[in-house]
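Encoded as structure tokens, the structure appears first; notes follow it.
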Number of protein chains: 2
Amino acid sequence: MKNDTLMKTVDLIASECIAVRIRLLNRTVTNIFDNALRPLGMKVSQLNVLIVVAKRGPISPGDVARRLNMEKSTLSRNVDRMKIHGWIKVSGGQSGRKQLLEIGTAGRKLIRKSLPAWKKAQARTEALLGQRGAGAIHQAANAVWTQL
Amino acid sequence: MKNDTLMKTVDLIASECIAVRIRLLNRTVTNIFDNALRPLGMKVSQLNVLIVVAKRGPISPGDVARRLNMEKSTLSRNVDRMKIHGWIKVSGGQSGRKQLLEIGTAGRKLIRKSLPAWKKAQARTEALLGQRGAGAIHQAANAVWTQL
DNA sequence: AACTCTAAGTTGTATATACAACATTAGCAA
DNA sequence: TTGCTAATGTTGTATATACAACTTAGAGTT
């Protein structure tokens, strides 16, 4: 292959790659939410987990991970940190292989307190992506969820 | 208690939050590309950087970081790993504050070799998100780039 | 009941990411 | 020229992420 074809490959990937774009959006949006949530001592990744546990708990770690398409080992350590703060607790027979997660008192309080910050971040993100861009994300996410 | 309002908040965030969705898409798409690129010993995060450097090099680390909306410190360490493999090299007076990155011989070879894997991953992603979902991502990314 | 086998969760390791603090230097101003 | 300021890049620390290997406990099978 000559440099010519190389540059053609480079241009193709640069102009089409979905991964580059998703990853850019991920960094950008995550930063907006993390900045908004920082005063509360929480990151948006943790809010994600907290909401799933609040909505569907008691729920097993494995189910949470599947719902978020996240590695069980990733979730395991994220939950560890959240347990320390009392945002999440283990209900029932905790040890071993059959534990169930549910939201803790501190977690409930935290969700209530974060609503204004979340709204602000959500609005800022919608402004950044535009109505169509934001709707697009919902559309794409739904496509993934139906195939999970 | 105000469990009622709490659950309303939970449902609102669960059904609307753009960050949850972007992050889900990021994990999903990154996994598809990483799996496809694994035989080449490269991750899609590294391909992103390599393509920018190949297309626009010689380019300063700061400019690469800005283009990807990535922290300079993040880029610094990512580039370190890529320098070790010879994918990227520093041109001109490297030390100090004014270094320029360009693609190395191994980097050129790697891009050529990765094209089939990239195409496969791109196709699989488009199939997952659907034509509309994929177009949506492009649309949203363009919105971000124009406001960067 | 005993055995096997698989699913669930944890731990080790590596990369990606960001913030804060730091060192250095280029650019500008007086 | 000299000195200040802002930009540039690196390093320390914490979290997020995934893969591989491991441990343990359910679930079936016989």
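Order of the sequence lines sets the chain letters (A, B, ...), proteins ahead of strands, with each chain counted from 1.
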> A:Asn78 versus A:Thr74: any side-chain heavy-atom pair under 4.5 Å?
Replying inline: yes
> Can you tell if the side chain of B:Arg56 reaches within under 4.5 Å of the side chain of B:Val64, non-hydrogen atoms only?
Replying inline: no
> Within this structure, what is the CG-to-C1' distance between A:Asn48 and D:dA16, rounded to whole angstrom?
Replying inline: 11 Å
> Can you find a side-chain donor-acceptor pair between A:Asn69 and A:Arg66 that sits under 3.5 Å?
Replying inline: no
> How long is the line joining CD1 of B:Ile59 and P of D:dG9, in whole Å?
Replying inline: 10 Å
> So, is A:Arg66 close to the C:dA8 phosphate, meaning a side-chain N or O under 4.0 Å from OP1 or OP2?
Replying inline: yes
> How close or far is atom C1' of C:dA16 from atom CG of A:Asn78, stated in whole angstroms?
Replying inline: 14 Å
> Could you state the CG-C1' distance from A:Leu47 to D:dA16, rounded to the nearest angstrom?
Replying inline: 15 Å
>> Within the structure provided, determine whether B:Ile22 and A:Ile22 are in side-chain contact (heavy-atom separation under 4.5 Å).
In response: no
> Would a 4.5 Å heavy-atom cut-off, applied to side chains only, mark B:Met42 and B:Met82 as touching?
Replying inline: no
> A:Met82 has an atom CE; how far is it from atom C1' of D:dT15, in whole Å?
Replying inline: 13 Å
>> Would you say A:Leu148 ends up clustered with A:Ile51 if hydrophobic residues are merged whenever their side chains have heavy atoms under 4.5 Å apart, either directly or through other cluster members?
In response: yes
Sub-3.5 Å pairs of nitrogen or oxygen atoms, protein against nucleotides 10-14 of chain C:
from	atom 1	to	atom 2	distance (Å)
C:dT10	OP2	A:Ser76	OG	2.8
C:dG12	N7	A:Arg77	NH1	3.3
C:dG12	O6	A:Arg77	NH2	2.5
C:dT13	O4	A:Arg77	NH2	3.4

>> What residues from residues 19-37 of chain B pass a heavy-atom cutoff of under 4.0 Å to DNA chain D?
In response: B:Arg23, B:Arg27, B:Asn31, B:Asn35
> Does a side chain donor of either A:Arg23 or A:Asn26 reach within less than 3.5 Å of an acceptor in the other side chain?
Replying inline: no
> Is it true that a side-chain atom of A:Gln99 and a backbone atom of A:Val90 form a donor plus acceptor pair closer than 3.5 Å?
Replying inline: no
> How many Å lie between CG on A:Leu75 and C1' on D:dA16, as a whole number?
Replying inline: 11 Å
>> Can you confirm whether B:Val79 sits close enough to B:Lys83 that some side-chain heavy atom of one is under 4.5 Å from a side-chain heavy atom of the other?
In response: yes
> Rounding to a whole Å, what distance do you find between A:Met70:CE and C:dA8:C1'?
Replying inline: 17 Å
